[in-house]
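Because the structure is predicted, anything quoted here is derived from the model rather than measured.
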Amino acid sequence: MPTATYYVQFAAPDEEGRPWHTIARVHDRRLAEEIARLARGSYMRTNVTSHYEARAVSRSKLEEEGSRQHADWELGIGPHRWYGDALREKAERNLRLTA
């Protein structure tokens, strides 16, 4: 049985058109949801005047939207990789503490 793949994306309210930026790709829905929860908050952000929108979305949903290739590109060389890495590390710690 294949493992589901989830992408975590955020949108900044001050960006024109509110594009989704991909920050993580994981195979665990709980982890994806925890990363999205952290992205909605202020973790790793020094100046919080508004909160991000964030979502955990399946690979198949991104394929339906026609945006999976761009999401994979962002994970490879996009400008928000460091943010995704930091959120993933914090989310993994949070989930270990609650287990």
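Remark: the backbone N or O of Ala11 is not paired with any side-chain donor or acceptor of Glu53 at under 3.5 angstrom. With Arg59 contributing its side chain and Tyr7 its backbone, the two residues share no donor-acceptor pair below 3.5 Å.
Within 6.0 Å of CZ in Arg18 there are more than 12 heavy atoms belonging to other residues, nucleotides or ligands.
Ion pairing of Arg37 with Glu34 is present here, as a side-chain N (NZ or NE/NH1/NH2) and a carboxylate O approach within less than 4.0 Å.
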Please assess Val8 against Leu87 for the test side-chain contact (heavy atoms from CB on, under 4.5 Å), listing each intermediate value before the final yes or no.
CA-CA 10 Å; Val8 181; Leu87 290 178; over 6 Å; no
In sequence, state the C-alpha distance, the side-chain angles, and the governing distance for Arg30 and Thr98, and then conclude on side-chain contact (heavy atoms from CB on, under 4.5 Å).
CA-CA 12 Å; Arg30 281 186 60 223; Thr98 61; 3.9 Å; yes
Evaluation steps, side-chain contact (heavy atoms from CB on, under 4.5 Å), between Leu62 and His70
CA-CA 9 Å; Leu62 286 182; His70 181 73; over 6 Å; no
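Among all heavy-atom pairs drawn from Ala56 and Ala36, the shortest one is N-CB, 4.3 Å. Summarising the geometry of Leu38 relative to Tyr83, their closest heavy-atom pair is O-OH, 4.5 Å, with the distance given to 0.1 Å. Taking every heavy atom of both residues into account, Leu31 and Asp28 meet most closely at N-OD1, 2.9 Å. When all heavy atoms of Leu75 and Ala24 are compared, the pair lying nearest together is CD2-N, 3.5 Å. Minimum interatomic distance between Ala32 and Tyr6 (heavy atoms only, all atoms of both residues): CB-CB, 3.7 Å. Closest of all the heavy-atom pairs between Glu74 and Thr22 is OE1-N, 2.7 Å.
With rounding to the nearest 0.5 angstrom, the CG atom of Asp14 is 7.0 Å from the OH atom of Tyr52. Taking CG of Asp85 as the reference point, atom NZ of Lys90 lies at 16.0 Å (rounded to 0.5 Å). Summarising the geometry, atom CZ belonging to Arg81 is positioned 14.5 Å from atom CZ belonging to Arg88; distances are rounded to the nearest 0.5 Å. From Asp72, atom CG reaches atom CD of Gln69 across 8.0 Å, with rounding to the nearest 0.5 Å.
Ring geometry for His80 against His21 counts as tilted: the plane angle lies between 30° and 60°, on a 0 to 90° scale.
Residues Ile23 and Val26 fall within the same hydrophobic cluster, defined by Ile, Leu, Val, Met, Phe, Trp and Tyr side chains chained together at heavy-atom separations under 4.5 Å.
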